Amino acid sequence: MCETPKSGDLLDWYDQNARAMPWRTAPADRKAGHLPDPYRVWLSEVMLQQTTVAAVRGYFLRFIELWPTVVDLAKADDAAVMGEWAGLGYYARARNLLKCARAVANEHDGAFPTTHAELLKLPGIGPYTASAIASIAFDRPETVVDGNVERVMSRLFAVQTPLPAAKPVLTDLAAKLTPSERPGDYAQAVMDLGATICTPRNPACGICPWINACQARSSGIAASLPRKTPKKAKPTRFGIVYLGRREDGAWLLETRPSKGLLGGMLGWPGTEWTVEAQAETPPCPADWQDPGGEVRHTFTHFHLILEIRVAVLPRENPQDRGHFVMPSDFRPSDLPTVMRKAFDLASSAMAMD
DNA sequence: TATTCGTGGGT
DNA sequence: TACCCAAGAAT
């Protein structure tokens with residue numbers, strides 16, 4: 001038989017094992033009444049959506065350096081924010097980040113709302129992020145349910161229903177465990193537990209503060225939970241991108257439409273990406289050459305094989321698409337990863353700089 | 001409810 | 001290599 005899990009046992013563990021992060025206030029400081037900056041909590045939580053702490057850290061520090069407050073961010077140029085987000089993925093987050101910053105600056109006097117319901121109205125803030133901000137930044141007793149919490153609850157209560165169907169049940173179980181004391185620390189504690197001990201594979205049950213309360217552990221099935229419904233196979237799509245350079249060195253680039261894949265990001269003009277090989281569709285007439293090689297990249301729901309073409313473009317070429325960017329203004333780091341791969345391939349194949 | 005939407009690291 | 005996965009939201 002198992003004990004009833006106690007939130008206090010987890011908080012005691014967290015007091016000793018909380019991981020330091022740039023956006024986080026240590027448990028001792030929180031107990032002294034020092035809550036973290038809501039702007040930093042919001043920014044970090046949006047960056048952390050479906051993204052690892054290791055990947056986020058550098059981006060977070062850079063954003064804070066460039067835009068120390070939400071009002072600063074609200075005044076930033078779209079292209080600057082999208083460029084700084086490049087490489088982090090899920091670019092709708094960056095578009096909504098700006099919308100949200102401007103809403104907070106213009107409609108909330110630069111102060112984030114403090115309740116779950118008000119936070120939920122803002123762009124890019126869903127149920128998880130609203131709970132995270134309300135609990136972590138404002139110590140409200142809201143329940144965070146992310147992938148970590150789903151895994152911890154499914155094991156603690158041996159929930160056999162596969163995800164995502166089990167989500168409502170797991171949310172209910174998590175809510176009933178959430179304490180009214182130290183809700184901010186508790187939220188971070190459950191997620192830390194899932195990230196460091198109650199891991200997807202090889203959970204470290206021997207050092208878990210809830211070992212005596214865990215039903216899956218007592219049944220020996222912890223590592224097999226949570227169950228998940230099978231995923232669909234990824235199809236492969238094909239496309240061509242065109243890396244054109246004017247005689248004065250300027251690159252022909254385009255800002256992609258603000259909706260859909262890589263929306264709002266800088267990229268090379270090219271064909272659509274489809275399951276059938278694409279016919280040549282250059283952005284302007286030129287002597288396009290194939291330098292050889294291909295870019296392979298995998299998105300969430302398809303594999304992509306991309307061919308590249310390169311050309312020197314005449315100075316007075318009436319291009320149909322895109323805009324020219326001088327080398328002094330071109331930062332490959334502004335490109336989403338698949339576009340940066342194309343640039344790297346062209347650079348190595350042509351040995352051009 | 002199901003799909004769309006990135007990327008890099010781990011196994 | 002080929003998966004799996006990560007502090008989800010929008011549609």
Side-chain angles (χ1 to χ4, degrees), chain A residues 18-19 21-24 36 40-60 82 85-97 99-100 119-137 142-152 162-168 171 174 184 186-196 198-202 223 226 228-237 256-265 267 273 296-304 335-341:
Chain A
R19 296 186 295 170
M21 300 178 192
W23 48 85
R24 181 178 275 188
R40 296 186 179 216
V41 173
W42 162 72
L43 179 61
S44 67
E45 289 299 341
V46 172
M47 287 183 167
L48 285 163
Q49 289 166 7
Q50 296 292 287
T51 310
T52 60
V53 170
V56 163
R57 181 172 282 109
Y59 284 86
F60 174 83
M82 300 309 288
W85 196 278
L88 199 55
Y90 285 149
Y91 298 101
R93 294 184 296 173
R95 303 194 299 271
N96 286 326
L97 192 80
K99 288 182 189 172
C100 183
L119 288 163
L120 201 53
K121 295 177 184 174
L122 292 167
I125 297 182
Y128 163 78
T129 304
S131 287
I133 297 171
S135 62
I136 296 170
E142 301 291 348
T143 302
V144 294
V145 183
D146 71 333
N148 290 304
V149 177
E150 289 175 352
R151 186 169 57 255
V152 170
L163 284 167
K167 174 110 181 178
T171 298
Y186 176 81
Q188 296 172 94
V190 193
M191 293 190 285
D192 271 20
L193 185 75
T196 63
C198 196
T199 50
R201 284 174 290 243
N202 303 316
K228 297 197 174 181
T229 54
K231 301 178 179 175
K232 294 198 314 183
K234 297 184 202 301
T236 298
R237 298 185 188 176
R256 298 171 62 86
S258 60
K259 291 184 178 180
L261 191 68
L262 308 182
M265 297 300 292
W273 299 342
R296 288 177 177 263
H297 191 76
T298 298
F299 293 98
T300 306
H301 53 294
F302 66 92
H303 302 291
L304 177 66
L335 296 170
T337 298
V338 64
M339 296 296 177
R340 187 180 49 73
K341 284 184 179 178

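What you are looking at is a predicted structure, and each value in this text was computed from that prediction instead of being measured. To find a chain, count down the sequence lines: A is the first, B the second, and so on, and within it residues start at 1.
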Next item on the list: Calculate the interatomic distance between A:Leu88 atom CG and C:dA6 atom C1'; express it in whole Å.
Entry: 11 Å

Item checked: DNA chain B contacts among residues 44-54 of chain A, heavy-atom distance under 4.0 Å -> A:Gln50, A:Thr51

Check: For C:dA10, does OP1 or OP2 lie under 4.0 Å from any side-chain N or O of A:Tyr90?
Finding: no

Checklist line | A:Tyr91 OH to B:dT7 C1', straight-line distance once rounded to whole Å | finding: 7 Å

Check: Say you pick atom P in B:dT3 and the same atom in C:dC4; how far apart are they, in whole Å?
Finding: 16 Å

Next item on the list: Decide if the gap between the ring center of A:Trp23 and the ring center of A:Phe60 is smaller than 6.0 angstrom.
Entry: yes

Next item on the list: Provide the closest heavy-atom pair for A:Trp273 versus A:Met339 in the form atom of the first, atom of the second, distance.
Entry: CZ2-CE, 3.9 Å

Check: Between atom NE2 in A:His297 and atom C1' in B:dG8, what is the gap in whole Å?
Finding: 10 Å

Item checked: Interatomic distance where CG belongs to A:Leu261 and P belongs to B:dT3 [whole Å] -> 17 Å

Item checked: Sugar-phosphate only, base, or nothing, as touched by A:Met339 at under 4.0 Å among non-hydrogen atoms -> nothing

Next item on the list: Ignoring backbone atoms, test whether A:His301 places a side-chain nitrogen or oxygen under 4.0 Å from the OP1 or OP2 oxygen of B:dC5.
Entry: yes

Distances for protein N or O near nucleotides 1-5 of chain C N or O, under 3.5 Å:
none

Notebook entry, point to check: How many Å lie between OH on A:Tyr128 and C1' on C:dA9, as a whole number?
Noted result: 13 Å

Check: Quantified in whole Å, what is the P atom distance between nucleotide B:dG8 and nucleotide C:dA9?
Finding: 22 Å

Next item on the list: Can you see which heavy atom on A:Val41 is nearest to which on A:Ile133, and at what distance?
Entry: CG1-CA, 4.0 Å

Checklist line | Pairwise 5' ranking along DNA chain B for A:Ala55 and A:Pro164, keeping only the more 5' one | finding: A:Pro164

Check: Considering residues, nucleotides and ligands other than A:Arg296, do more than 12 of their heavy atoms fall under 6.0 Å from its CZ?
Finding: no

Check: If only side-chain N and O atoms of A:Thr300 are considered, is one of them under 4.0 Å from the OP1 or OP2 phosphate oxygen of B:dT4?
Finding: no

Next item on the list: Kindly indicate, with the supporting measurements, whether the criterion salt bridge (charged side-chain N to carboxylate O under 4.0 Å, His left out) is fulfilled by A:Asp192 and A:Arg24.
Entry: CA-CA 12 Å; A:Asp192 271 20; A:Arg24 181 178 275 188; 3.0 Å; yes

Next item on the list: Enter the distance from A:Leu261:CG to A:Arg256:CZ here, rounded to the nearest 0.5 Å.
Entry: 6.0 Å

Next item on the list: Calculate the interatomic distance between A:Lys341 atom NZ and B:dG6 atom C1'; express it in whole Å.
Entry: 10 Å

Next item on the list: Could you tell me whether the side chains of A:Tyr128 and A:Gln49 share a donor-acceptor contact shorter than 3.5 Å?
Entry: no

Note to self: Applying a 4.0 Å non-hydrogen cut-off, can you work out what A:Ile125 is touching in the nucleic acid: base, sugar-phosphate, or nothing?
What the structure shows: sugar-phosphate

Next item on the list: Would you indicate what A:Gly260 reaches in the nucleic acid, counting non-hydrogen atoms under 4.0 angstrom: base, sugar-phosphate, or nothing?
Entry: sugar-phosphate

Item checked: Interatomic distance at P, C:dA6 relative to B:dC5, whole Å -> 22 Å

Note to self: Ring-plane angle category for A:Phe302 and A:Phe299, please: parallel below 30°, perpendicular beyond 60°, tilted otherwise.
What the structure shows: tilted

Checklist line | Gap separating the OG1 atom of A:Thr236 from the NE2 atom of A:His303, nearest 0.5 angstrom | finding: 5.5 Å

Next item on the list: Determine whether the side chains of A:Lys234 and A:His301 contain a donor N or O and an acceptor N or O closer than 3.5 Å.
Entry: no

Next item on the list: Could you state the atom-to-atom distance from CG of A:Leu304 to C1' of B:dC5 in whole Å?
Entry: 14 Å

Margin query: Over all strands shown, is A:Gly194 touching base, sugar-phosphate only, or nothing at heavy-atom distances under 4.0 angstrom?
Written below: nothing

Checklist line | Comparing A:Pro123 and A:Asp192 on DNA chain C - which has the more 5′ nearest nucleotide | finding: A:Asp192

Notebook entry, point to check: If you pin A:Arg93 and A:Asn202 to their nearest nucleotides in DNA chain B, which one's is more 5'?
Noted result: A:Arg93

Check: Should A:Thr337 be listed as having a side-chain N or O under 4.0 Å from OP1 or OP2 of B:dG8?
Finding: yes

Item checked: Any residue meeting side-chain contact (heavy atoms from CB on, under 4.5 Å) with A:Tyr90, in chain and number order, not counting sequence neighbours -> A:Gln50, A:Arg93, A:Thr300

Notebook entry, point to check: Over how many whole Å does the gap from A:Trp273 atom CH2 to B:dC5 atom C1' extend?
Noted result: 12 Å

